There are 2 protein chains.
Amino acid sequence: MSRWVYDFADGSKDMRELLGGKGANVAEMTRVLGPDRVPAGFTITTEACVEYMNADQSEPEGMSEQVADALDRLQEQAGKTLGDRDDPLLVSVRSGARESMPGMLDTVLNLGLNDESVLGLAKTTDNERFAWDSYRRFVQMFGNVSRGIPGESFEDAIKAAKQARDVTEDTELDADALKELTETFKGVYQEETGDEFPQDPQEQLRLAIRAVFDSWTGKRAVEYRRQNRIPDEWGTAVNVQQMVFGNKGDTSGSGVAFSRDEVTGAPEPSGDFLQNAQGEDVVSGVRTPRDISEIKEWMPEVHDQLMEILHSLEAHYEDMQDTEFTVEDGQLYMLQTRNAKRPAQAAVRFAVDAVSEQLLTRERALATIDPSTLDALLHPTFDPKAEFDVLASGVNASPGAAKGEIVFTAAAAVDAAEQGRDVILVRPFTDAEDVAGFYAAKGVLTSEGGKASHAALVARGMGLPAVVGAQALAIDLESKTVSVNGTELSEGDAIAIDGTKGFVTTDDVPLVEAQVNENFQTVLQWADELRRMEVRANADNPDDARRARELGAQGIGLCRTEHMFIAEDRQPKMRAMIMSDTHEARREALGELLPLQQEDFEGIFEAMAGLPVTVRLLDPPLHEFLPNAEDLAAQVERARIEESDDLERLEKLLARVHEIAEENPMLGTRGCRLGILYPEIYEMQVRAIMRAAKAASEPPHLEIMIPLVDYEQELEIIRELVTSIGEDEGLTVGDDYTVGTMIELPRACFVADRIARFADFFSFGTNDLTQTALGFSRDDVESAFVPTYMERKIIDRSPFETIDKPGVGWLVRLASWVGREAQPDLKLGICGEHGGDPESVVFFHRAGLDYVSCSPYRVPIARIAAAQANVEYPVGRWD
Amino acid sequence: MSRWVYDFADGSKDMRELLGGKGANVAEMTRVLGPDRVPAGFTITTEACVEYMNADQSEPEGMSEQVADALDRLQEQAGKTLGDRDDPLLVSVRSGARESMPGMLDTVLNLGLNDESVLGLAKTTDNERFAWDSYRRFVQMFGNVSRGIPGESFEDAIKAAKQARDVTEDTELDADALKELTETFKGVYQEETGDEFPQDPQEQLRLAIRAVFDSWTGKRAVEYRRQNRIPDEWGTAVNVQQMVFGNKGDTSGSGVAFSRDEVTGAPEPSGDFLQNAQGEDVVSGVRTPRDISEIKEWMPEVHDQLMEILHSLEAHYEDMQDTEFTVEDGQLYMLQTRNAKRPAQAAVRFAVDAVSEQLLTRERALATIDPSTLDALLHPTFDPKAEFDVLASGVNASPGAAKGEIVFTAAAAVDAAEQGRDVILVRPFTDAEDVAGFYAAKGVLTSEGGKASHAALVARGMGLPAVVGAQALAIDLESKTVSVNGTELSEGDAIAIDGTKGFVTTDDVPLVEAQVNENFQTVLQWADELRRMEVRANADNPDDARRARELGAQGIGLCRTEHMFIAEDRQPKMRAMIMSDTHEARREALGELLPLQQEDFEGIFEAMAGLPVTVRLLDPPLHEFLPNAEDLAAQVERARIEESDDLERLEKLLARVHEIAEENPMLGTRGCRLGILYPEIYEMQVRAIMRAAKAASEPPHLEIMIPLVDYEQELEIIRELVTSIGEDEGLTVGDDYTVGTMIELPRACFVADRIARFADFFSFGTNDLTQTALGFSRDDVESAFVPTYMERKIIDRSPFETIDKPGVGWLVRLASWVGREAQPDLKLGICGEHGGDPESVVFFHRAGLDYVSCSPYRVPIARIAAAQANVEYPVGRWD
């Protein structure tokens with residue numbers, strides 16, 4: 001016969017599917033701490049629930065016998081009997097599914113109370129009021145859960161009782177009143193169901209178990225599962241557990257305890273407790289709890305036990321613990337334990353201490369750190385304890401928090417910064433002309449755009465906090481005001497943004513400064529020793545390059561060259577180049593850009609002396625360097641009406657903008673396509689790069705990267721262009737530099753073996769690969785429908801944040817595999833933003849990549865994630 | 001020892017890699033016609049060439065012996081000896097690579113001539129001038145090819161000879177002069193090379209063979225191969241063949257002959273010949289050739305032989321032949337045969353005749369038709385014989401030719417049509433407002449856009465000839481003129497376009513009308529019996545649906561619903577819907593559209609009674625229904641300057657346009673993403689579709705198709721929406737309709753098994769799949785860089801024309817495979833434009849698809865291609 005019931009002592013945390021989350025957890029605790037420390041009980045399995053549902057609500061064969069046996073064992077262990085009139089055993093009956101479904105399934109407490117055992121409870125607790133209150137709550141809960149009696153039927157009765165006694169609060173009802181109310185409730189039960197309230201505790205238990213099973217198919221739970229995409233066929237387990245009471249008198253109490261300080265991670269347990277109270281009293285805040293260190297004075301042996309338990313739970317779970325406990329008549333019971341959620345500094349301190357205490361190995365210690373929280377150590381944040389009103393939410397485009405006065409233009413930002421004032425640059429969106437303002441401001445806030453918008457990219461590169469796409473902001477640049485859901489703000493008003501979470505507030509939230517402290521350095525050093533993958537940074541100017549190196553980057557994995565053309569002294573030359581009609585005219589215009597571009601590279605190469613630097617040749621479509629068509633159209637219209645002399649020039653410019661405008665620039669004339677149409681652009685860039693490398697005192701390991709390759713012939717042609725300039729400059733491919741490609745289009749992944757014949761390295765551009773594989777234009781979808789998709793549980797986060805494994809991930813694996821088949825020495829890396837996302841880093845490690853490259857401020861996170869990946873999955877590049 | 005030399009008699013057409021194209025072809029003819037009909041000779045293999053190159057220009061071991069043996073056999077067979085002073089054997093030495101490389105490799109004619117044999121040639125041809133001319137040509141060719149003597153050295157000598165004799169033409173030099181010139185040439189040879197001109201024919205041959213091998217690595221050939229992406233390691237074969245002379249006298253001659261009439265396909269051989277002439281004289285047009293039927297009078301036995309040969313070549317190659325022949329002293333030699341290129345009507349007639357003559361089976365006959373030429377039978381074309389000047393070229397967006405007066409607006413087109421005048425609508429680009437003009441015009445010509453532009457799509461759907469993106473056109477709508485490379489045209493001027501080829505001309509080219517004749521019907525009927533795949537059409541209005549059915553479509557594979565919202569009476573309602581802020585307001589606006597949309601479907605369903613109709617729910621992004629942002633910006637600017645009352649409305653409209661504008665609409669909020677954000681749109685559409693189906697006298701097999709699915713949850717959600725409306729309308733999924741999805745994103749292909757759980761069918765949207773897999777925005781790339789990519793041989797045609805097999809093709813195979821793994825009954829089709837491309841149709845057949853769907857006018861082509869595919873690859877859907 002199948003086994004439907006497991007005593008807590010027989011389960012473990014690995015039996016989650018069978019016993020549900022709650023059942024597996026309480027079983028594990030019973031195993032670790034022994035049966036005396038955890039209120040005893042048993043779990044009816046999820047399989048029993050599934051059987052029950054499949055058999056049209058009838059208990060599977062043998063279940064009721066097994067429940068009866070388990071109950072016998074429980075009564076024996078407790079030394080108490082269900083329904084006993086002197087010292088009754090009371091139990092809770094709780095659901096517990098594989099995944100937590102908070103509030104969705106049903107619970108019955110105090111089961112076992114009836115007209116006789118209520119007297120026994122009163123006697124043992126010496127609290128008649130408590131006993132009757134427990135009984136009336138049981139009738140109410142049981143009636144509601146088991147027979148579907150609406151809550152109001154009982155609430156009306158309570159209201160009537162209070163009116164009758166002329167009191168307003170439930171707590172003002174005394175024992176007699178509650179006893180009377182219990183009778184009324186039983187009447188309600190009989191009236192609503194036609195049955196008498198069951199006095200037989202076995203019958204109560206049977207009905208309660210059925211009720212929990214039934215709740216799985218209740219409307220609320222079904223809807224919740226549909227919303228959260230939890231399969232119907234999982235079923236729920238039922239946990240029957242002896243109740244313990246922290247409110248039995250002065251040697252009883254309840255509390256919560258952390259194995260270490262939950263804010264700092266300091267190695268002293270912390271927590272709160274209340275004497276003579278139940279757990280909910282501690283968290284409700286009705287009474288002020290005391291620090292758990294005070295238990296020592298109250299009941300020294302309980303304090304010692306608790307300390308030892310916290311220590312052994314920490315050792316067992318290999319992590320800091322967050323527990324709930326109850327003391328009943330001097331006996332300590334542990335009700336719950338879980339790995340403690342904690343801020344980054346506590347996580348890092350725990351890891352370092354745990355190793356020096358020899359509690360954990362470095363590998364295990366490192367594994368306890370959630371790398372996604374580490375941003376807090378690298379940027380200022382809102383004080384986690386601070387409360388504030390969220391004025392608006394946007395996309396958390398660049399982490400860190402900032403406060404300052406609102407300014408609407410770069411010029412105003414620069415002025416204010418010169419006067420030593422902190423400002424936040426607020427704009428609908430930003431472009432190249434606003435960049436000076438970024439340097440002057442403490443943070444950036446826009447009402448449009450997503451994580452790949454100009455504002456987001458520039459801010460992230462600079463480590464400047466930014467919230468973008470805060471759609472509730474109506475910004476009026478002319479009147480210099482911004483109105484947000486009725487609040488009107490003007491230039492100079494104070495505002496604060498949290499770029500880590502995407503919040504905007506006018507409250508004066510205290511900030512906590514970044515703290516790259518000694519512990520963090522220690523942990524990063526371990527990570528460097530434990531990881532297989534290199535970590536590089538994406539940087540395209542000397543400042544970023546230096547910062548990246550300070551943060552541990554082992555090179556530059558992506559040096560974009562387009563920003564170099566946007567700077568104020570270059571843009572006119574770039575525009576002149578684009579406006580030219582012939583190769584020759586373009587070559588001439590480019591000639592003027594060459595020395596400037598060479599200078600850019602010299603600074604970067606100096607900062608990265610001796611390390612690899614991957615320079616990507618020009619990638620974006622040319623119209624990004626021309627003015628906006630709509631603005632131009634308006635200017636043309638104005639010039640026409642005003643019969644301006646400028647009309648012809650404007651019309652010509654607009655015509656050229658039209659000529660190179662594209663419906664979908666992301667899929668248009670960019671990347672190596674530009675290099676094939678206008679070889680003179682790449683020629684100039686390659687020359688500038690090579691001359692800069694030659695000028696460097698210690699040259700970098702130069703890697704020239706060709707973007708957007710689809711066909712091996714494209715790479716063949718551009719590789720030839722690069723090496724012929726190389727020959728011209730006296731540099732030898734293979735020795736002085738290498739040539740490789742971005743892999744960022746699905747087709748390229750399918751023909752990666754052919755492409756590999758012309759490549760020394762692949763760098764996966766997972767941003768563009770995500771855009772194409774999913775058909776998601778990043779600029780457009782992040783605000784347009786990704787939020788709705790997350791609400792509807794179609795996705796659990798943006799595919800631009802964590803790599804989409806079934807689609808994009810497969811393409812990466814495929815290209816890695818066939819690329820290395822064709823070319824075993826092929827170096828593989830990734831330079832999309834996923835390079836700084838811990839979960840994605842684990843994926844890339846497993847796919848056998850050689851390095852990840854991310855924005856400088858994510859480098860420490862990637863270092864730790866790469867180490868965790870290697871500890872958990874110790875694979876080489878070929879596994 | 002390796003075999004380096006093959007006599008013609010030992011080779012065949014399957015040995016192309018080894019013998020090169022020319023060697024394999026002449027060998028095959030020798031095999032078929034016997035050794036007497038083809039001038040004898042032998043081939044030195046490509047492998048010998050490769051060995052020779054690898055061994056630093058030295059002949060592989062045994063090669064010279066094998067050449068000597070082959071030459072002995074040749075001399076024996078010819079009954080002549082190389083260098084003989086009475087009747088010398090002359091040979092040609094020609095290169096022949098695996099792929100034709102016209103003009104790139106070298107040829108030496110008349111080899112074997114020397115100071116003695118020239119006299120023999122003079123004797124046997126009774127033509128001294130001819131003999132000396134041949135000799136001096138040989139010295140010149142040999143010197144140039146074998147020793148690299150520049151052409152001018154010889155040309156200068158000719159010039160001097162003519163001056164000395166005071167003549168101007170080469171032909172005016174008599175035998176003596178040529179004899180003298182030959183001496184001069186030999187002097188040039190000695191001067192340039194330091195060697196005497198070799199008199200030993202064996203030595204001549206050895207040097208000539210080396211010269212041909214060397215020509216493979218010559219600069220010209222290397223460059224050609226680089227341009228044409230022919231591998232260097234292929235090498236070239238060398239063909240040594242006895243020379244025959246059609247100019248030996250009155251019983252000699254040369255000609256070309258087709259096995260049937262090359263224009264009509266009528267079963268009488270056709271062709272031209274010249275008595276006492278060499279082959280080049282026939283094609284040069286210096287003398288007027290005579291029809292080959294006249295050979296009968298001249299040499300009846302040769303005529304009979306030729307007729308028989310033509311017949312047997314046709315039978316052997318199972319196709320109409322295009323041959324070259326020479327008669328030397330009454331002896332007929334065949335020099336060349338190949339399958340005849342022919343216009344569609346000839347191809348169709350040949351197929352039908354060949355079957356009734358029992359020359360070919362239906363299967364083989366069908367295989368001789370190139371389906372891509374059949375457009376000519378479905379649309380009027382320029383007369384193939386007409387000559388005209390191309391004024392401009394553009395994208396061949398919709399096949400067929402048209403002539404008419406230029407008009408620049410839809411209104412002008414309508415006016416002209418009412419007056420019975422033929423017009424061509426000429427515009428920079430078109431939009432919904434121009435559609436009335438399409439109905440009135442004979443053709444459409446635009447200066448912007450590609451094959452997926454509005455003009456192209458609408459024209460193709462209507463079967464209206466169109467050339468788009470003719471960039472040389474500078475259209476001035478205000479002055480109603482268009483200037484093209486200096487030519488200025490005005491409204492009313494005559495113009496003609498060829499949408500099949502993309503030509504524009506002002507010449508009055510005669511048109512040939514479409515001819516869906518009896519032969520074509522016969523062939524189509526065979527195709528229907530022989531194919532496995534169904535052929536459907538893409539149609540979204542009753543006219544197109546009826547036309548498609550007439551052309552043999554077995555249903556509609558793609559009924560787009562977006563055009564229905566663009567019609568004049570719907571657009572304001574659609575705009576009102578989009579301008580609404582709430583679900584309710586949108587629902588109200590949509591309520592007004594419902595009856596109109598229902599009406600649209602009723603007409604289509606009527607036309608397709610009893611057949612499957614796949615209706616795709618709304619796909620394009622909403623801003624396509626709003627006015628152009630740039631126009632609006634200009635209007636706003638004007639309204640602002642003029643302080644117009646309309647300013648506020650315009651500003652609000654522009655703001656909304658901005659709100660829903662997207663950087664890359666192709667990858668934005670469209671397809672099922674719209675359906676999830678605004679379920680009310682799909683609800684209305686589904687209701688309209690279902691009500692129309694219920695109203696139909698004979699309902700179609702309704703298939704509701706959800707576009708742009710990435711995640712199975714998307715399809716799950718929309719499927720639920722559809723079936724719940726279905727319940728509401730009393731229709732049952734599975735019985736009354738099915739629900740499926742477009743597979744048009746790479747990610748969807750990877751998770752096709754999961755998606756298949758919610759799909760009754762997949763329809764591959766290969767247009768969008770190409771756009772995403774390759775990162776090619778169709779609108780942008782077709783004119784921007786695809787032409788350059790074709791020039792640079794990166795691609796050989798647009799991937800939107802023929803499916804990209806390594807990338808897009810793999811995705812289709814993958815999704816088919818895993819989709820059917822999960823759901824064996826899954827119906828698979830394709831509705832991208834590749835459905836009408838013969839090569840792609842073969843691919844889809846082999847991938848196991850159930851049907852292709854294409855534009856109505858491509859249906860006959862797809863029917864034939866599908867049959868050819870099934871004949872060549874008789875696979876089922878599961879093979």
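Hydrogens, waters and symmetry mates are skipped; everything else that's a heavy atom, side chains included, is used. Within every chain, numbering begins at 1; the chains are lettered A, B, ... in the order of the sequence lines, protein sequences first and strands thereafter. Being a predicted model, the structure only gives us computed values, none of them experimental.
Of the listed residues G671(B), G807(B), G775(B), the one with more heavy-atom pairs under 4.5 angstrom with chain A than any other is G775(B). Contact count against chain B (heavy-atom pairs under 4.5 Å) is highest for E663(A) among E663(A), E448(A), Q471(A). When each of V781(A), N628(A), L677(A) is checked for heavy-atom pairs under 4.5 Å with chain B, L677(A) comes out on top. Contact tally against chain B (heavy-atom pairs below 4.5 Å) for E662(A), E712(A), R640(A): the top residue is E662(A). The greatest number of non-hydrogen atom pairs below 4.5 Å with chain B, out of A748(A), G668(A), A784(A), P665(A), is found for P665(A). Most heavy-atom pairs under 4.5 Å with chain B, from the set V636(A), L708(A), L811(A), I717(A): that is I717(A).
If you measure heavy-atom distances from I660(A) to chain B, you find no contacts under 4.5 Å at all. Contacts between R754(A) and chain B at a heavy-atom distance below 4.5 Å involve the side chain alone, from C-beta outward. Heavy-atom distances place the side chain of Y711(A), and not its backbone, under 4.5 Å from chain B. Residue E659(A): no heavy atom, backbone or side chain, is found under 4.5 Å from chain B. Using a 4.5 Å cut-off between heavy atoms, E716(B) touches chain A through its side chain atoms alone. Of the atoms belonging to L632(A), not a single heavy atom falls under 4.5 Å from chain B. Neither the backbone nor the side chain of L769(A) comes within contact range of chain B, judged by heavy atoms closer than 4.5 Å. Interface remark: P799(A) contributes side-chain atoms only to the contact with chain B (heavy atom separation under 4.5 Å). Contacts between E720(A) and chain B at a heavy-atom distance below 4.5 Å involve the side chain alone, from C-beta outward. Residue L654(B) touches chain A through its side chain alone, counting heavy-atom pairs closer than 4.5 Å. Contacts of I794(A) with chain B are made by both backbone and side-chain atoms, with heavy-atom separations under 4.5 Å.
Expressed to the nearest 0.5 Å, how far CG of L814(A) lies from CZ of F750(B) amounts to 6.5 Å. Note that SG of C749(B) is 14.0 Å distant from CH2 of W810(A), once rounded to the nearest 0.5 Å. Within the model, atoms OG1 of T788(A) and CD1 of I676(B) stand 9.0 Å from one another, a figure rounded to the nearest 0.5 Å. With values rounded to the nearest 0.5 angstrom, S777(B) atom OG is found 4.0 Å from N664(A) atom CG. Put simply, CG on L667(A) and CG on L667(B) are 4.5 Å apart, with the number rounded to the nearest 0.5 Å. Atoms CD and CZ, on E637(B) and R638(A) in that order, are 4.5 Å from each other to the nearest 0.5 Å.
Looking at D780(B), its side chain never comes within 3.5 Å of a backbone N or O of T669(A) through a donor-acceptor pair.
For R792(A), the CZ atom is loosely surrounded, since the number of other residues' heavy atoms within 6.0 Å does not exceed 12.
Between A633(B) and A634(A) the shortest heavy-atom distance is O-CB, 4.1 Å.
Among the candidates Q713(A), R673(A), E714(A), the single residue satisfying the side-chain hydrogen bond (donor to acceptor under 3.5 Å, both in side chains) test with Y789(B) is E714(A). Checking each of T770(B), T772(B), D804(B) against R747(A) for a side chain to side chain contact (heavy atoms under 4.5 Å, CB included) leaves exactly one that passes, namely D804(B).
Using a 4.5 Å heavy-atom cutoff, the side chains of H658(A) and E630(B) are in contact. The shortest side-chain heavy-atom distance between D710(B) and F776(A) falls under the 4.5 Å cut-off.
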